[in-house]
Structures are given as structure tokens and as C-alpha cells.
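See below for the structure under consideration.
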Amino acid sequence: MTGAQTQLGGQLAEGVDEHNTPLEWVAPIADILGGFDLDPCASASSDLAAHNIRETGGLDADWSRYETVWCNHPYGRGEPARWLRKAAESDCETVVTLSKGDPSTDWFQRYLTDAAVLCFPDERITFIGEDNSAKFANVFGVFGECPDALVRWFDEQGWVVRP
């Protein structure tokens, strides 16, 4: 896996309220896609992708310069729409997002319904540094190409929808 994070340390292990995605969720996706070229929302200590541009402006960057993107974006008010719009409008080969699974929101209806594939995991994710799982469901969205192997892996994790 290109730029793959193989161990947890520093801020990533501690969490520091960054809600980092556990490797057991993201590593299989990265393996199937051959790694991630970009993680625009990575914590400072993450080396999940070859390029970590959070500090220089993940929303300002031209994502089309990268083939595969991982984006566990901020979930705060107003944030999902900004990041999901960027994912939906990018010219990347594949963008995989992790979002709050709330289809009642405008941002979900506007952007996630444009994804090639959605996966609602059967279990709630316990983010790194947290003692308990999230108080909400999550959804993975795949924009652009979604290999059959990724669809099969998602199918093992939960409910898969092709909007």
C-alpha cells in the first residue's frame, strides 16, 4: 500500500479529538485501491497517504493532481458539504469519503447521492482515541471508479447502495 500507515503513534494513537479512522477500516480499502495518493484531512502524524496537505489547505488544493484520495472530513456544522462537494467535483480516479450516515441532511442528499457506491457499515466505528463507538452511523462514499473488489469488501461490512 503506497504511503500506508503501518503503526500508530503520537497524535494518531492518542486521538486528540481528531476522530482518526481506525486502520482496520481504512487499510483494506487502501490495499484494494493500491494505496492513497492524498489525504486532505489527515492528522499531522498520519502517513496513510503519500501526501498529507491538511495544514496547507485540503479544500484549496487541486485534487485532480492525485489518482486516489481518502477523505474522513470534519463532521462539524457546514463542513461535510464543503468536503463532499470537492469529492464529487474532483477529476480523481477514485475518492473515498467517510461521513456521518445521515440521509436527512441537505449535504447527504446533494452530494452522497452522486457517489458511485455507498456503504453503511453494520457496526458503528470507534474512532482512534475514543473509548466508545460513535453516537451515529457512518457511510463510506466512493466517487469515480469503484473496483469490484472494493464493492465486495464493502458488502462484507454492511449495506451497499449504488445511487
Side-chain angles (χ1 to χ4, degrees), residues 5 10-23 25-26 29-30 33 36-146 150 154 157-163:
Q5 183 168 332
Q11 286 185 328
L12 189 58
E14 297 162 15
V16 294
D17 199 34
E18 292 183 5
H19 305 289
N20 295 297
T21 312
L23 288 178
W25 285 100
V26 73
I29 298 169
L33 295 175
F36 291 108
D37 300 315
L38 175 65
D39 183 350
C41 299
S43 64
S45 63
S46 174
D47 62 355
L48 178 66
H51 301 278
N52 173 347
I53 60 171
R54 180 181 192 155
E55 300 303 319
T56 58
L59 282 170
D60 294 331
D62 179 6
W63 291 10
S64 65
R65 295 178 37 214
Y66 306 94
E67 288 183 27
T68 54
V69 176
W70 165 256
C71 183
N72 175 4
H73 58 79
Y75 290 11
R77 183 176 301 273
E79 290 292 334
R82 295 166 19 123
W83 293 96
L84 292 169
R85 177 180 41 226
K86 184 83 169 183
E89 294 175 354
S90 78
D91 290 328
C92 302
E93 184 175 309
T94 304
V95 178
V96 181
T97 61
L98 179 59
S99 305
K100 187 175 180 180
D102 187 355
S104 70
T105 61
D106 289 340
W107 53 261
F108 188 105
Q109 294 171 20
R110 186 168 197 180
Y111 300 111
L112 282 170
T113 56
D114 288 337
V117 172
L118 298 175
C119 174
F120 296 84
D122 288 337
E123 62 185 70
R124 294 192 175 178
I125 295 174
T126 301
F127 291 95
I128 295 172
E130 301 296 321
D131 293 329
N132 300 306
S133 62
K135 295 179 181 174
F136 48 81
N138 287 98
V139 62
F140 291 93
V142 181
F143 297 87
E145 295 180 26
C146 186
L150 186 54
F154 278 143
Q157 310 312 311
W159 180 44
V160 174
V161 178
R162 292 181 183 244

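None of the values given here were measured: they were computed from a predicted structure.
When the salt bridge (Lys or Arg N to Asp or Glu O under 4.0 Å) test is applied to Glu145, no partner is found at least two apart in sequence or on another chain. For the side chain to side chain contact (heavy atoms under 4.5 Å, CB included) test, residues two or more places apart in sequence or in another chain that qualify with Ala87 are Trp63, Val95, Thr97, Phe143.
How far CG of Leu23 is from CD1 of Ile29: 11.0 Å, rounded to the nearest 0.5 Å. Here the CZ atom belonging to Arg110 is positioned 7.0 Å from the CZ atom belonging to Arg85, to the nearest 0.5 angstrom. To the nearest 0.5 angstrom, Lys86 atom NZ is 12.5 Å from Tyr111 atom OH. Trp159 CH2 to Asp122 CG: the interatomic distance, rounded to the nearest 0.5 Å, is 11.5 Å.
Residues Phe108 and Leu84 form no side-chain contact, since every pair of their non-hydrogen atoms from C-beta on lies 4.5 Å or further apart. Pro163 places none of its side-chain heavy atoms less than 4.5 Å from the side chain of Leu112. Using a 4.5 Å heavy-atom threshold, the side chains of Leu150 and Val142 count as touching.
In this structure, Cys41 and Asn72 approach most closely via the heavy-atom pair CB-O, 3.5 Å. The minimum heavy-atom distance linking Tyr75 with Leu98 is given by the pair OH-O, 3.3 Å. Contact record, Trp107 with Lys100: CH2-O, 3.2 Å, taken as the closest heavy-atom pair. The shortest heavy-atom contact between Cys92 and Val69 is SG-CG2, 3.7 Å.
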(request) Just do the side-chain contact (heavy atoms from CB on, under 4.5 Å) check on Ser99 and Val139 with the steps written out, would you? (result) CA-CA 5 Å; Ser99 305; Val139 62; 4.0 Å; yes
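Using cut-offs of 30° and 60° for the angle between ring planes, the Trp70 and Phe140 rings count as tilted.
In terms of modelled atom types and a separation under 3.5 Å, the side chain of Asp37 and the main chain of Glu67 share a donor-acceptor contact.
The neighbour count for Asp106 CG, taken as heavy atoms of other residues, nucleotides or ligands under 6.0 Å away, does not exceed 12.
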